[in-house]
Amino acid sequence: GNSVTQMEGPVTLSEEAFLTINCTYTATGYPSLFWYVQYPGEGLQLLLKATKADDKGSNKGFEATYRKETTSFHLEKGSVQVSDSAVYFCALSDGYSGAGSYQLTFGKGTKLSVIP
Amino acid sequence: NAGVTQTPKFRVLKTGQSMTLLCAQDMNHEYMYWYRQDPGMGLRLIHYSVGEGTTAKGEVPDGYNVSRLKKQNFLLGLESAAPSQTSVYFCASRSTGKREQYFGPGTRLTVT
């Protein structure tokens, strides 16, 4: 079956530090990959996505590249801000589970805290 | 355009009580999903629907029922609540041809 493994947190960084959150996956077929962000007390928001190998998703200074050879989709940001403090989820979607419903399979989440 | 909304935001139940969580979306999406979020577990799929009048089981369906009588609404029911169902419940939807899902703000349910 499908699975997503992301680095365990919590991660604490100083403002303007470089961020990497590792994510690797196992999937049947050719999944799409996502990063979602959850701010305290809120639902999940789509941060970025990539639909095929070598695609780079980017948004709000965050980037992730779909690496098929290493089955990875690591999230990076060059200079984090206090407002980036949140829980980040890596997820995948393919058509081989749930009769083509393209269900999302999530990692367990990584909590990021950015201190001034 | 409200996106995905969920009612209620918070609820406390006693063991054995029943309740229904309502999810509504105004994006005309075909697909809708119910997840539960527990500490250290990520999100797990409870049930989903691929269109009006259809439902299917996800990864953790036991103790829950769902209905999709209207395209814009997806209801999650707990017939006899148990403490193990204490969780945060999220609804999501997506359009045909897209794989990304859009999430509601969540319902925090406590069963005592």
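Sequence lines set the chain letters: A, B, ... in the order given, protein chains first and strands last, and positions in each chain run from 1.
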| said: Could you measure the distance from the OG1 atom of Thr5(A) to the NZ atom of Lys108(A)? Nearest 0.5 Å is fine. | reply: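 If I round to the nearest 0.5 Å, the distance is 8.5 Å.
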| note | One should read off an interatomic distance between Met32(B) CE and Leu76(B) CG, to the nearest 0.5 angstrom, of 11.5 Å
| message | I'd like to know whether NZ of Lys98(B) has more than 12 heavy-atom contacts from other residues, nucleotides or ligands below 6.0 angstrom. | response | no
| message | One pair to check against salt bridge (charged side-chain N to carboxylate O under 4.0 Å, His left out): Lys60(A) and Asp84(A). What are the steps and the verdict? | response | CA-CA 10 Å; Lys60(A) 298 181 181 180; Asp84(A) 294 327; over 6 Å; no
| Expected output: side-chain Asp38(B) to main-chain Ser87(B) donor-acceptor under 3.5 Å | no
| query | Most heavy-atom pairs under 4.5 angstrom with chain A, which of Pro39(B), Cys91(B), Ala92(B), Gly40(B)? | reply |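 Answer, by heavy-atom pair count under 4.5 Å with chain A: Gly40(B).
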| query | Under a 4.5 Å heavy-atom cut-off, does chain B meet the side chain of Leu44(A), its backbone, both or neither? | reply |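 For Leu44(A), heavy atoms of backbone and side chain both lie under 4.5 Å from chain B.
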| message | Using a 4.5 Å heavy-atom cutoff, which residues in residues 103-111 of chain B come close to chain A? | response | Phe103(B), Gly104(B), Pro105(B)
| query | Of the non-hydrogen atoms in Tyr48(B) and Phe74(B), which two are nearest, and what is the gap between them? | reply |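 Heavy atoms of Tyr48(B) and Phe74(B) come nearest at C-CZ, 3.7 Å.
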| task | Taking all non-hydrogen atoms of both residues into account, name the closest pair between Trp34(B) and Leu45(B) and its distance. | result |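 Closest approach of Trp34(B) to Leu45(B), heavy atoms only: O-CD1, 3.4 Å.
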| message | For Tyr36(A) and Phe34(A), take the angle between the two ring planes, folded into 0 to 90°, and tell me which bin it lands in: parallel under 30, tilted 30 to 60, perpendicular over 60. | response |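 Answer is tilted, since the angle falls between 30° and 60°.
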| Selection from Glu42(A), Lys111(A), Gln38(A) maximising heavy-atom pairs under 4.5 Å formed with chain B | Gln38(A)
| Part of Gln37(B) lying under 4.5 Å from any heavy atom of chain A | side chain
